[in-house]
Amino acid sequence: MRRQINHVADLAYEIESNDVVGLLEEIVNILFEYCEPKLGDFSKEKTYDFSEPLEDFIFDTVNDWIFEISVGHFPQDMIRKAEKLVVKFKKVLEKKGGEIKALTYHLLRLEKRGEKIRTKVVFDI
């Protein structure tokens with residue numbers, strides 16, 4: 001679940017999922033909707049080590065994805081293997097949407113609510 005929230009000069013969302021991988025999948029959906037890429041075949045695979053605090057892990061991973069998008073690779077599929085996240089990227093053939101500069105730390109705090117994890121993400125655009 002995600003919903004856009006008002007944030008001056010940035011792109012901001014509140015997202016919720018059952019786990020961290022679900023939060024990251026929501027972030028990929030946000031990136032896809034904003035950048036509007038036309039994707040080709042799978043181009044590469046990267047592995048990320050889960051680390052604590054999880055906010056740092058999300059921040060570092062998503063900013064790496066933003067860099068990868070800027071050089072032509074879009075995160076498409078991900079799977080958790082123990083304490084690692086394996087992400088497959090597809091080649092970006094064309095981008096029709098906007099450019100995201102970075103995920104910020106602003107409002108990036110994980111909150112546990114029952115069985116769900118919730119956070120807010122703010123992107124510098």
Side-chain angles (χ1 to χ4, degrees):
M1 188 279 310
R2 71 177 180 280
R3 69 179 172 93
Q4 191 168 3
I5 55 180
N6 290 329
H7 197 274
V8 178
D10 289 322
L11 185 64
Y13 285 86
E14 180 177 46
I15 57 176
E16 179 180 88
S17 186
N18 293 326
D19 57 22
V20 174
V21 174
L23 292 177
L24 291 168
E25 288 170 342
E26 289 290 349
I27 292 171
V28 168
N29 291 334
I30 292 166
L31 296 172
F32 189 85
E33 289 171 7
Y34 190 77
C35 297
E36 298 180 44
K38 179 180 176 187
L39 301 177
D41 295 331
F42 284 101
S43 59
K44 67 189 301 184
E45 181 177 288
K46 290 181 88 170
T47 301
Y48 302 88
D49 293 324
F50 278 92
S51 61
E52 295 291 338
L54 286 173
E55 290 88 351
D56 289 347
F57 171 74
I58 291 170
F59 177 83
D60 292 339
T61 300
V62 172
N63 278 309
D64 184 67
W65 293 349
I66 291 168
F67 168 76
E68 289 293 343
I69 292 168
S70 75
V71 297
H73 306 280
F74 196 89
Q76 191 60 37
D77 293 325
M78 68 183 81
I79 187 167
R80 184 174 187 159
K81 293 184 178 180
E83 292 305 308
K84 297 188 182 296
L85 181 71
V86 179
V87 180
K88 292 183 180 181
F89 293 79
K90 283 191 171 181
K91 184 74 178 151
V92 176
L93 303 175
E94 178 183 355
K95 282 193 293 185
K96 298 177 186 174
E99 187 79 25
I100 294 178
K101 296 177 188 173
L103 174 66
T104 71
Y105 262 110
H106 183 62
L107 303 177
L108 183 61
R109 288 180 277 297
L110 296 181
E111 300 172 8
K112 185 84 169 160
R113 293 203 179 165
E115 297 296 314
K116 302 282 186 180
I117 301 172
R118 179 179 292 177
T119 192
K120 294 177 182 169
V121 289
V122 179
F123 297 94
D124 183 16
I125 55 174

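Along the sequence shown, residues are numbered consecutively beginning with 1. Scope of the values below: all heavy atoms of this structure, side chains included, with no hydrogens, waters or symmetry mates.
In this structure the side chain of Lys101 never reaches within 4.5 angstrom of the side chain of Ile125, judged on heavy atoms. A heavy-atom distance below 4.5 Å is found between the side chains of Ile58 and Leu103. Residues Val87 and Glu68 fail the side-chain proximity criterion, which asks for heavy atoms closer than 4.5 Å. By the 4.5 Å heavy-atom criterion applied to side chains, Ile69 and Ile100 are not counted as neighbours. Two residues are said to be in side-chain contact when any heavy atoms from C-beta on lie closer than 4.5 Å; Lys81 and Thr47 fail this criterion.
At distances below 3.5 Å, not a single donor-acceptor pair connects side-chain atoms of Glu14 with backbone N or O atoms of Arg118. In this structure, Asn63 contributes its side chain and Ala102 its backbone to no donor-acceptor pair below 3.5 Å. Looking at Arg80, its side chain does come within 3.5 Å of a backbone N or O of Ala82 through a donor-acceptor pair. Side chain of Thr104 to backbone of Val122: a donor-acceptor contact under 3.5 angstrom is found.
Residues Phe32 and Phe42 do not share a hydrophobic cluster, defined by chaining ILVMFWY side chains whose heavy atoms lie under 4.5 Å apart. Note on Leu93: it does not cluster hydrophobically with Phe89, by side-chain heavy-atom contacts below 4.5 Å among ILVMFWY residues. Residue Val86 is not grouped with residue Leu54 when hydrophobic side chains (ILVMFWY) are merged at heavy-atom distances under 4.5 angstrom, including chains of intermediate members.
Taking the six-membered ring wherever Trp is involved, the centroid distance between the rings of Tyr48 and Phe57 does not fall below 6.0 Å.
For the pair Arg109 and Thr119, the tightest heavy-atom approach, listed with the atom from each and the gap, is O-OG1, 3.1 Å. Contact between Ser43 and His73 at its shortest, heavy atoms only, is OG-ND1, 2.8 Å. The two residues Leu108 and Glu55 make their nearest non-hydrogen contact at O-CG, 3.3 Å. Here the shortest heavy-atom pairing between Gly22 and Ser17 reads CA-OG, 3.1 Å. Across all their heavy atoms, Asn18 and Ile117 have their closest contact at O-CD1, 4.2 Å.
In this structure, the separation between OH on Tyr34 and CD on Glu99 is 9.0 Å, given to the nearest 0.5 Å. Between Asp49 atom CG and Glu83 atom CD the span is 9.0 Å, to the nearest 0.5 Å. Put simply, CH2 on Trp65 and CG on Leu24 are 4.5 Å apart, with the number rounded to the nearest 0.5 Å. Note: Phe67 CZ to Asp64 CG = 7.5 Å, rounded to the nearest 0.5 Å. Taking NZ of Lys116 as the reference point, atom CG of Asp19 lies at 9.5 Å (rounded to 0.5 Å). Rounding to the nearest 0.5 Å places OG1 of Thr61 at 9.5 Å from NZ of Lys46.
Residue-environment remark: NZ (Lys95) exceeds the threshold of 12 foreign heavy atoms within 6.0 Å. Counting heavy-atom neighbours within 6.0 Å of Lys38 NZ, excluding the residue itself, gives a total of 12 or less. Heavy-atom contacts from other residues, nucleotides or ligands closer than 6.0 Å to CD of Glu111 number more than 12.
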| request: Mind running side chain to side chain contact (heavy atoms under 4.5 Å, CB included) on Leu23 and Glu25 for me, showing each step along the way? | output: CA-CA 5 Å; Leu23 292 177; Glu25 288 170 342; over 6 Å; no
| Step by step, would you call Val62 with Val121 a side chain to side chain contact (heavy atoms under 4.5 Å, CB included)? | CA-CA 10 Å; Val62 172; Val121 289; over 6 Å; no
| message | Let's go through Glu94 and Lys96 carefully: what are the C-alpha distance in whole Å and the side-chain angles of both, what is the deciding distance for salt bridge (charged side-chain N to carboxylate O under 4.0 Å, His left out) to 0.1 Å, and is it a yes or a no? | response | CA-CA 7 Å; Glu94 178 183 355; Lys96 298 177 186 174; 5.1 Å; no
| task | Report the C-alpha distance between Val28 and Phe74 in whole Å, list the side-chain angles of each, state the deciding distance to 0.1 Å, and finish with yes or no for side chain to side chain contact (heavy atoms under 4.5 Å, CB included). | result | CA-CA 9 Å; Val28 168; Phe74 196 89; 3.9 Å; yes
